[in-house]
Amino acid sequence: MTNSADSKKIKEIIEEFFEKMTVNAQVSVNNISINLEEVLKDSQSDKNESKSSIEVAVKVDEPQILIGEKGQTLNEIQRLLRFIVNKKMGNIFYLNLDINDYKKKKTEYLKELANDMANEVIMNKETKIISPMSSYERRIIHAALSGREDIITGSEGEEPNRSVVIK
């Protein structure tokens with residue numbers, strides 16, 4: 001778990017990153033303790049090892065440039081920031097970057113889509129295949145439907161054309 005001094009330093013690093021990009025950004029940083037193995041599926045981690053997850057919320061005037069098509073630019077910025085923060089802090093953090101609540105809204109949309117599709121499968125007794133999406137998005141779909149006993153979910157296809165299947 002990071003302390004408030006670490007959180008302040010991480011926020012400064014991220015603000016400096018956006019300043020160098022000449023992007024006027026409001027940055028807020030929250031941290032939570034997580035089980036690293038569950039998140040990263042890292043076989044080298046101890047099962048009980050906890051790391052800090054840094055939740056970074058950024059507000060900008062023109063988010064489209066930073067989010068990119070299907071959130072690809074956002075994911076690359078997140079990867080780059082995680083590398084920079086881990087290097088400068090000398091510690092390993094899982095960093096989750098969200099710009100103008102894009103990921104939050106996308107998650108809500110995907111959960112709604114998952115339930116709508118599952119209900120269609122039950123009504124029509126036909127398998128549904130959701131358009132190809134990233135592993136992060138597929139995980140949201142699977143998690144949203146994991147509590148339902150009336151359907152089964154799986155994934156099929158090869159990256160980057162892997163899709164969720166609901167039966």
Ion pair present between [X] and [Y], side-chain N to carboxylate O less than 4.0 angstrom?
{"X": "K125", "Y": "E120", "value": "no"}
{"X": "E16", "Y": "K20", "value": "yes"}
{"X": "E76", "Y": "R79", "value": "yes"}

Within 6.0 angstrom of [X] [atom1], more than 12 heavy atoms from elsewhere:
{"X": "K9", "atom1": "NZ", "result": "no"}
{"X": "K167", "atom1": "NZ", "result": "no"}
{"X": "E69", "atom1": "CD", "result": "no"}
{"X": "Q72", "atom1": "CD", "result": "yes"}
{"X": "N24", "atom1": "CG", "result": "no"}
{"X": "I152", "atom1": "CD1", "result": "no"}

Any non-hydrogen side-chain atom of [X] less than 4.5 Å from a side-chain atom of [Y]?
{"X": "S135", "Y": "R139", "value": "yes"}
{"X": "M89", "Y": "D6", "value": "yes"}
{"X": "V56", "Y": "R82", "value": "no"}
{"X": "E137", "Y": "T107", "value": "no"}

Test log, rule side-chain contact (heavy atoms from CB on, under 4.5 Å), inputs I54 and Y94:
CA-CA 6 Å; I54 309 301; Y94 174 76; over 6 Å; no
The single option from I65, I67, I99 passing side-chain contact (heavy atoms from CB on, under 4.5 Å) against V60:
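Single pass found, and it is I99.
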Cation-pi check for Y136 against K103: NZ or CZ below 6.0 Å from the six-membered ring centre and within 45 degrees of the axis, yes or no?
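Yes, a cation-pi geometry.
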Polar side chain donor-acceptor pair, S53 to E55, under 3.5 angstrom:
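Yes.
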Testing the 3.5 Å rule here: is there a donor-acceptor pair between the side chains of N100 and K105?
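There is no such pair between these side chains.
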